[in-house]
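Reviewing the structure listed below.
Letters A, B, ... are given to chains in the order of the sequence lines, protein chains preceding strands, and every chain is numbered from 1. Model, not experiment: these values are computed from the prediction.
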Number of protein chains: 2
Amino acid sequence: AARLRGATKIYGEGDAAVHALNGVDVAFGRGEFTAVMGPSGSGKSTMMHCAAGLDQLTSGSVRIGDRELTTMNDRELTLLRRAEIGFVFQAFNLIPSISAEENIVMPLAMSGERPRHGVLEDVVSVLGLDGRLSHRPSELSGGQQQRVAVARALVAEPSIVFADEPTGNLDTRTGDEILGFIRRAVDERHQTTVMVTHDPAAAAWADRVVFFVDGSVHGELRNPTA
Amino acid sequence: AARLRGATKIYGEGDAAVHALNGVDVAFGRGEFTAVMGPSGSGKSTMMHCAAGLDQLTSGSVRIGDRELTTMNDRELTLLRRAEIGFVFQAFNLIPSISAEENIVMPLAMSGERPRHGVLEDVVSVLGLDGRLSHRPSELSGGQQQRVAVARALVAEPSIVFADEPTGNLDTRTGDEILGFIRRAVDERHQTTVMVTHDPAAAAWADRVVFFVDGSVHGELRNPTA
Ligand SMILES: Nc1ncnc2c1ncn2[C@@H]1O[C@H](COP(=O)(O)OP(=O)(O)OP(=O)(O)O)[C@@H](O)[C@H]1O
Ligand SMILES: Nc1ncnc2c1ncn2[C@@H]1O[C@H](COP(=O)(O)OP(=O)(O)OP(=O)(O)O)[C@@H](O)[C@H]1O
Ligand SMILES: [Mg+2]
Ligand SMILES: [Mg+2]
């Protein structure tokens with residue numbers, strides 16, 4: 001469903017150059033739930049943003065389905081993202097001036113669509129956001145904001161979800177609700193899911209774990225257990 | 001060193017009222033390292049902001065040393081915070097237009113001061129930020145931004161540090177460096193530390209854990225072990 005080959009991303013030039021991605025080769029199969037782990041600063045968010053077409057590689061290839069992202073223009077990338085991709089940002093990236101509910105349905109609304117019948121209620125209920133939907137992000141706790149960001153990515157039922165540390169601000173029980181929801185979407189709807197996490201217990205929900213070190217993949221583990 | 005008594009914080013009115021804090025009674029002793037745990041939305045950040053004078057209670061009392069914060073005006077609160085308190089925000093709250101280093105020394109600079117000799121280098125080194133100091137927050141990974149926020153609170157060597165989920169975006173090893181640094185500051189300098197965390201392993205570094213549920217304290221545990 002998604003694949004990076006020889007993916008390289010360099011920020012800056014000369015002595016100051018930062019090799020955020022150093023020839024990354026990794027594939028995410030359709031209906032597969034992959035956790036990505038590695039030290040802070042090792043390139044995980046950069047890989048996720050490039051894989052989802054939110055950022056451009058310096059060199060190398062990114063494919064979503066049979067589409068090569070490195071040859072697509074901004075408009076084509078935007079349409080692909082809206083049609084196929086859900087993204088949970090590490091810093092949430094909520095719109096401060098609108099409510100939680102409006103934030104959640106925003107990507108669908110931009111394509112002139114609405115959530116499939118019952119899906120919004122289902123997501124809101126499992127994520128424990130009942131009663132918070134009319135509030136703006138600044139009126140929510142950190143973990144509630146994170147859950148709004150997660151709901152926004154899931155409610156469109158995309159074919160691939162990239163979740164960048166989706167449980168970092170949550171207690172274990174609330175985090176498990178989210179991970180259970182994601183697991184069900186993978187098992188029932190074959191939603192491809194790539195999740196960056198620092199929590200081995202969260203990674204244990206995945207089918208495999210890919211390890212990042214200094215901008216490249218340093219191995220993987222199938223069927224992880226915490 | 002810090003104490004809340006009957007602390008109540010209500011957002012909104014009537015049916016829409018949210019009781020974020022519901023008569024909280026808790027004390028943080030000088031030189032004590034306290035972890036605060038509880039479900040997402042249970043009032044932990046609200047308690048921390050009110051204890052540090054960043055937000056006002058609806059009713060009840062907050063004391064830092066022998067100063068009653070509820071009777072102080074904005075100017076007095078600002079001076080007290082700059083002199084005595086370090087705060088690590090759950091959302092980091094870095095200034096986007098200046099470098100990591102400038103962010104770190106900003107609170108001291110606002111009092112016309114500089115870090116004590118050698119402290120900045122020490123903090124930067126332990127937090128693994130060497131080589132990132134000239135970069136602006138948008139050029140840093142999520143975990144690097146979090147470490148800049150932590151460094152900013154610690155470099156002034158305040159008498160009390162409030163850290164709101166300081167390791168949520170960090171791998172275990174990087175998180176342990178920070179927790180070790182905080183533990184040393186408590187043991188060597190008697191820095192009072194209050195740390196919200198969702199990670200039991202992080203809480204195990206503290207002298208005691210206070211549990212928050214629905215806006216009040218529901219018990220505590222001394223000498224926690226993960
Ligand atoms: N301005 C506001 N208006 C209305 N409700 C608010 C406002 N700010 C916070 N709240 C609510 O107060 C409650 C406590 O929030 P708080 O941020 O203290 O929780 P928390 O324990 O820190 O949660 P988390 O672990 O998710 O960070 C939450 O239900 C939140 O939605
Ligand atoms: N605009 C930029 N200019 C220079 N360096 C950058 C820029 N953006 C990111 N970097 C660097 O690229 C490296 C990888 O960053 P990335 O955000 O992918 O890390 P990460 O693995 O997601 O880390 P974390 O676990 O802390 O979120 C980091 O060292 C970061 O400082
Ligand atoms: Mg990241
Ligand atoms: Mg909070």
Q) For A:Pro96 and A:Pro137, which heavy atoms make the closest approach, and how far apart are they? A) O-CD, 3.7 Å

Q: Could you verify whether a donor N or O on one side chain and an acceptor N or O on the other, from B:Thr193 and B:Gln191, lie under 3.5 Å apart?
A: yes

Q) So, for A:His49 and A:Phe87, is the gap between ring centers shorter than 6.0 Å? A)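 Yes - the distance between ring centres of A:His49 and A:Phe87 falls below the 6.0 Å cut-off.
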
Which bit of [X] comes within less than 4.5 Å of chain B, counting heavy atoms only: side chain, backbone, both or neither?
X	value
A:Ser141	side chain
A:Val196	neither
A:Gln144	both

Q.
Check A:Arg222 with A:Glu32, please: is the shortest side-chain N to carboxylate O separation under 4.0 Å?
A. yes

